[in-house]
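Data first, discussion second: the structure below is written as structure tokens.
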Amino acid sequence: MKLWGGRFTKETDKLVHAFNASVSFDQKFYKEDIEGSIAHVTMLAKQKIITEDEKEVIITGLKGILDDIVTGRLEIDGTYEDIHSFVEAHLTERTGEAGKKLHTGRSRNDQVALDMKLYTRKEILEIDGLLKNLLQSLLKIIKENTNTIMPGFTHLQKAQPVTLAHHAGAYFEMFKRDRSRLKDTLERMNYCPLGSGALAGTTYPLDREFTASQLGFKGASLNSMDSVSDRDYLIEFCSAMSIIMMHLSRFCEEITIWNSNEYQFIEIDDAYSTGSSIMPQKKNPDIAELVRGKTGRVYGTLVSLLTTMKGLSLAYNKDMQEDKELVFDAIDTTKSCILLFNGMVSTITFNKDKMRQSAEGGFTNATDAADYLVKHGVPFRDAHGIIGRLVLYCIDNNKTLGDLTLDEYKKISPVFEEDIYNAISMETCIEKRNTKGAPGPGAMEEVIKIYEKYLEED
Ligand code: ARG
């Protein structure tokens, strides 16, 4: 059954039907479509646009269809143009005249806008829940590793010692911001488009606020032309998902590096690694690489949707039907990536000795050596030059700053005393860094308390 056809004299071409139809993908929100219809007819009856009896018949019919789809008794087939036609056709078949009144005061334009919003709201909350689980795993790593020393990098060159807790904390911050971005999107989109009609509202005395409140919206949207053609929130959502993926991809890149033979900072659990068909010794970080790879795919949905919406005149245009497959794919990809990443990261074994050994190389304590001189009255710029010369001397003699004898130190500056060794030990380097947000244990303890409270409340 078609929802239109009265003014046509010919059947639709088969290829046109297939090209135009959306049922193969918009069936994903059949529950939301039925939920929206129930709210709509409840409002129609309250406004006396249909009778209470008609409302009851329609709702019973809709609930029956829902139940039949869920239990598999009713299959959504491709002969229908979209999920809206499918539901309405089955309702009419089951309820006769009453079913034909379902679409009173409604267009598929506001209907699809509503369905997509209901579906997106649910998915935003699901992604938020997955991110929260990931934050819980990260907090565990943070709490267990406030003393796990590792090199911190800039330009992928060893820079200063940090801790694994601090490094993981950087990602905690990123995913925390991701959650707040999702929350913002939810806040802004949470207005109900139903009752906007095709574009210019309707002539029926609809109570749009009543429909909106039944469906958990903050209110009804304020401009019917905008309501049927607004896809901003989906662009924001794709952007938020792209940023989540970007964050995951950065962590995946590090996991891949840390897992390499050269670094050996971590061991990925067997359950999250894969082998090579030819090289028996191989244990590859495929999951990290795949998550990193799928980031491009999610970015693609953002750029695609922005491009689809560019230059579209008001109000609804069929171009907008393209939003669904893009957003559905971004959602499914992002969800599976967060889930898999969480499983991988929470089962990683950290090779703490290797991390520490690595931190000790590369002169990561050079800044602390310069700070030592500053504390003994040497101006920082001079101290920087002295330590620079010391580093050069170490490189020429294949030594670390800790290997140098006091005599070697004193040859470059008489200011050095026996306590230099303690001042540049890895432990001191970390312990002294206790400004807010720094890796020092005191600073980290403060942050851990904030993170615990955040996860309890939010
Ligand atoms: N499948 C359509 C979409 O996703 C539903 C709205 C159809 N509206 C129309 N005027 N043809 O956009």
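Order of listing sets the numbers, starting from 1, for every ligand and every atom in it.
Under the 3.5 Å distance criterion, with hydrogens and angles disregarded, no donor-acceptor pair is assigned to the side chains of His17 and Glu11. No hydrogens or angles considered: nothing links the side chains of Arg106 and Thr202 as a donor-acceptor pair under 3.5 Å.
Between Asp33 and the options Asp115, Leu114, Val112, a side chain to side chain contact (heavy atoms under 4.5 Å, CB included) holds for only Asp115. Among Lys101, Lys100, Glu97, His103, the one residue that satisfies the side chain to side chain contact (heavy atoms under 4.5 Å, CB included) test with Thr92 is Lys100.
For ligand 1, the 4.0 Å heavy-atom shell contains residues Ser22, Arg108, Asn109, Val112, Tyr316, Lys318, Gln321, Lys324.
Under the side chain to side chain donor-acceptor pair (under 3.5 Å) criterion, Glu262 pairs with no residue, sequence neighbours left out.
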For Phe251 and Tyr171, run ring-ring contact (aromatic ring centres under 6.0 Å, His included): C-alpha distance rounded to whole Å, both residues' side-chain angles, the deciding distance at 0.1 Å, then the answer.
-> CA-CA 8 Å; Phe251 210 158; Tyr171 287 101; 3.9 Å; yes
